[in-house]
Each structure stands twice: as C-alpha cells, then as structure tokens.
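To start, the structure itself, in structure tokens.
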Amino acid sequence: MSTKEDLIKKLKDKTAKIAILGLGYVGLPLAVVFGEAGFHVTGVDPDKRKINSLAEGKSYIPDVKSEAVAKLIKDGKFTATTDFSVLKEMDAVSICVPTPLRKTGDPDMSFIISATEELAKYVHKGMVVVLESTTYPGTTRELLLPKLGIEHDLVVGEDWFLAFSPERVDPGREDWTTINTPKVLGGITEACGEVATAWYEGAIKTVHHVSSAEAAEMSKLLENTFRMINIGMVNELAIMCERLGVDVWEVIDAAASKPFGFMKFTPGPGLGGHCIPIDPLYLSWKMKSFNYNARFIELASEINTNMPRYVVNRVMEGLNDHGKALKGSKILVLGVAYKPDIDDVRESPALDVIGLLKNKGAIVEYHDPYIPHVHHEHDGWQMDSVKDMMKSVKESDAVVIITNHKEYDYKAIIESAKFVFDSRNATGKLGKNSANVVRL
C-alpha cells in the first residue's frame, strides 16, 4: 500500500491523529468539529491561558460551548498543549493562526512562519498539512512547501501532502457554522488535494475541491474583496445621499425590493472583523510585485478607512446644530464590537471613532453589553464600559450608535438622549421621525 493510500485509509477510518495549530476563532471550532466527528484531536497553542482554560473544559470562544469541550476531553477525543513536539506523532495538521496586516499595510506573515518552523521540526513521511490562515495567493507553495518538504527531502504528493483550505468563520452565526459551511480545498498536487479532501470530508458536510492551492487562496480573497468593495460603494452612496438630502436607507431598501440582479449591502462607520478590512489588502500587496495596481481594492479601502472620520464630522455638525461644540462635549458611544451581538473588537471602527473624538477634545464614554473593557494598542488609551447606560445616555451631549446590538432599547434611548447619531440605522423609523436623531 502506498503512502497516500495508507494515509487516506487512516483518515477515512478516523484512526489518524489530528493536530490543530492555533486555537482561536478558527482553530478551536475546527478542533471541536473534528473531535465530534470521531477523530482524536490535539490542539497546540503557545498561549498557556487558552490551554489551561481548555484543560478545565472551559471555552473562551462564544461559538464553542464549554459543554462541548468538556465532553470531548472526558471522552478522550481532545487534548490541548503548548508542546509542539506532539506533532511528531500526528498524521494530519491544520494551521489556523492569525494573519494580520502590519501598520505599513503589508501582510504580517510572522505567525504562519513561526507555526511552519515549529512544524518543520517534526514533519515526517505520511503527513498531510492544510493551511487555513487567510493569506495571499502563493503562500502555501512559496512558504510552506520549501520549509516542510524540500528542506527535508520529502516529495510532496508522494511522501507527504500539502493543501490550502480558507477558513469561513463568521462569529456569532448559528445557521452557518464550521460543520455546514462548505469548505474550499486545493492541493499543491492532485494527490495532495485527494488526501486533504478525504480528511475534511470526514467531518465537514461539503468540501468543494479546486485544482490548486492558489485557486483556493484566491477564492477566499474574492469572497471578502467582493464584500469590501460593495460596502465601500454603499458608504460612498451614503455620503452622496447626505449631500443630496436623500435618505440612503430608503434608497437601499427600495433597490433591495428588486428580486433579481441586486444584493443588499448597508453603509456604516467603517469596516471591522478579522477578514473584510484585511484580506483584500493581501491581494493588493501581492499584485504590486507584478507592477499591477488593484484599483477597486485601493479605492474601496480609502473610502472605508475614512468612514470613522466622516462619522465624527457628522457628529460635530449635529452638535453644532444643537448649539454645542465637540470639544468639551460628553459623548457616549454605544457598541464597540465590530458587529452586533458578539464580543469581538478586531479591527472595530468604534476604536477609531473613539480615538478621533478624544483627539478633538470630547469627553468619551462607551457602553457595550458584551465588552467590559477595551484598549487601543496604537494610541495607548483604555476604557471600561459604563455601568449605568441609561444614566450616561441622559447625561451625554451626544449618543453615537456604532454597533447595533439587539438588546438596546432604542425607543428609550431616543426619548432620553439630547442628540443621537445613528451610524447603523439601528433606530429605523423611530429615528427617521425623531427631531433629535441624525442617521448616517
């Protein structure tokens, strides 16, 4: 039996030992899905706090229930460690580490490189490796293949197998999760794709196989570039509608009544999350090496990046209409999560809005039912969520809605606030008909 056939057999009968490198928003849900499918999974992460939490059967990811983790540990299907040497016993390894942007706008590959270097110490014949971290086209072939295979005289597609499968995690969703969201997967060789598909089909309901790792890498960037550009378009539409004196929310709802040829996107205070603000810029950066300027991406990024400043200017104008200057005014920001009803602040535009308000001399507070504390590493400020939200609403000169959490009582907020700026149309018809509410 060949190395490939032997490994596929172990994957299909679930005797293969699985490792997940990186136990964050992507890695931990994936580890649980594989464990619940019958694999024995070892999670590896350098953060001792995460490992200690998991050892106690406690999840730190809202999308993963502690009961699920505790059961897998009890059943012997999941263990977590900081010790990378366990990789020498593994048959299959998935890399799920962060890929942020540097302050200069180029990809920070340090987490992928670090994980790859650790794995390289223990890579062996009969192993399949899948990179899930979002990155630019060519990463799997250019960074992982040499370090894991060529430098160890292992022939990819024969001795070991390498593929890319982009994560598609949307925190807070219950309808589409890791197990039922289709997985795109592309191998370095045809055999690599065959082995990796056999592995993932053992736990994921649908695996969409593509011809190469590059095609899989590019598909992820297309998904999020599509969203980023369309959000940029409606953000610019909001700016144009404000100057024309037209209600942008009414316009979007009218257009969305068309049953074909239109997909609804809504404007807001800027982009947030782990994908949309970042992923398209990986592609833009990569194309610069081909002397090509990704104009749609660059333009959309410029518009979206400037939305926090546009929001602050609108707040300043609204205060002026109420006879107040922004400097010295007390501002309450409602919601700092990057989207409703979750505790994730990654790339949240709320942090930029707060920073800009503070820089202009405003006295800023925030409230978020999911996030008790925030800090801005770059600007060096930190804040705690106010304890009594309605008291702060009444005392503030302006309430700025950044995240439209469902649990907020917007009727009560409108009735109690002196002035509300609503960047998400959270107040809807109530806001449209209220004299003290301005919507984006």
Would a distance-only check, ignoring hydrogens and angles, find a side-chain to backbone donor-acceptor pair under 3.5 Å from [X] to [Y]?
| X | Y | answer |
| --- | --- | --- |
| Thr116 | Leu144 | no |
| Ser416 | Ala412 | yes |
| Ser219 | Ala216 | yes |
| Asn433 | Lys429 | yes |
| Lys358 | Val364 | no |
| Ser59 | Val64 | yes |
| Ser257 | Ala254 | yes |
| Asp91 | Lys17 | yes |
| Asn436 | Ala417 | yes |
| Lys77 | Gly38 | yes |

inquiry  = What verdict does the side chain to side chain contact (heavy atoms under 4.5 Å, CB included) test give for Thr140 and Leu162, after you've listed the backbone C-alpha separation in whole Å, the side-chain angles of each residue and the deciding distance to 0.1 Å?
reply    = CA-CA 8 Å; Thr140 309; Leu162 178 62; 3.6 Å; yes
Would you call [X] and [Y] a salt bridge, taking side-chain N to carboxylate O under 4.0 Å as the test?
| X | Y | answer |
| --- | --- | --- |
| Arg346 | Asp344 | yes |
| Asp170 | Lys339 | yes |
| Lys71 | Glu67 | no |
| Glu132 | Lys183 | yes |
| Lys50 | Glu56 | no |
| Arg173 | Asp63 | no |

ask   = Does Glu395 have any salt bridge (Lys or Arg N to Asp or Glu O under 4.0 Å) partners at least two apart in sequence or in another chain, and if so, which?
value = Lys330, Lys391
Mark yes when over 12 heavy atoms from residues, nucleotides or ligands other than [X] sit less than 6.0 Å from its [atom1]; otherwise mark no.
| X | atom1 | answer |
| --- | --- | --- |
| Lys58 | NZ | no |
| Lys394 | NZ | no |
| Tyr60 | OH | yes |
| Arg227 | CZ | no |
| Met389 | CE | yes |

message = Could you tell me if the side chain of Thr79 sits less than 4.5 Å from the side chain of Leu54, heavy atoms only?
response = no
Heavy-atom closest pair, residues [X] and [Y]:
| X | Y | value |
| --- | --- | --- |
| Gly35 | Leu72 | C-CD2, 3.6 Å |
| Arg168 | Pro182 | NH1-O, 2.7 Å |
| Val129 | Ile95 | CG1-CD1, 4.1 Å |

message = Apply side chain to side chain contact (heavy atoms under 4.5 Å, CB included) to residues Ile354 and Leu356 and explain how you reach the verdict.
response = CA-CA 6 Å; Ile354 290 173; Leu356 289 166; over 6 Å; no
Can you confirm whether the side chains of [X] and [Y] place a donor and an acceptor under 3.5 Å from each other?
| X | Y | result |
| --- | --- | --- |
| Thr135 | Glu217 | no |
| Ser94 | Tyr200 | yes |
| Asp422 | Thr427 | yes |
| Gln382 | His373 | yes |
| Thr81 | Asp83 | no |
| Thr82 | Lys48 | no |

ask   = Centroid-to-centroid, His367 to Tyr408, below 6.0 Å?
value = yes
request  = May I have the step-by-step check of salt bridge (charged side-chain N to carboxylate O under 4.0 Å, His left out) for Arg439 and Glu242, ending in yes or no?
outcome  = CA-CA 10 Å; Arg439 297 179 300 156; Glu242 187 260 329; over 6 Å; no
key: Parallel, tilted or perpendicular: rings of Phe39 and Phe34 (30°, 60°)   =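 Perpendicular: the ring planes of Phe34 and Phe39 meet at over 60°.
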message = Ring-plane angle category for Phe265 and Phe226, please: parallel below 30°, perpendicular beyond 60°, tilted otherwise.
response = perpendicular
query = With sequence neighbours left out, what residues match Phe111 under ring-ring contact (aromatic ring centres under 6.0 Å, His included)?
reply = none
message = Glu365 vs Ser396, test: side chain to side chain donor-acceptor pair (under 3.5 Å). Steps then yes/no.
response = CA-CA 9 Å; Glu365 294 181 327; Ser396 295; 4.8 Å; no
request  = Report the C-alpha distance between Glu142 and Lys286 in whole Å, list the side-chain angles of each, state the deciding distance to 0.1 Å, and finish with yes or no for salt bridge (charged side-chain N to carboxylate O under 4.0 Å, His left out).
outcome  = CA-CA 13 Å; Glu142 295 165 9; Lys286 178 67 174 179; 3.5 Å; yes
inquiry  = Run Asp352 and Arg309 through salt bridge (charged side-chain N to carboxylate O under 4.0 Å, His left out) and show every step you take.
reply    = CA-CA 8 Å; Asp352 292 325; Arg309 191 172 297 278; over 6 Å; no
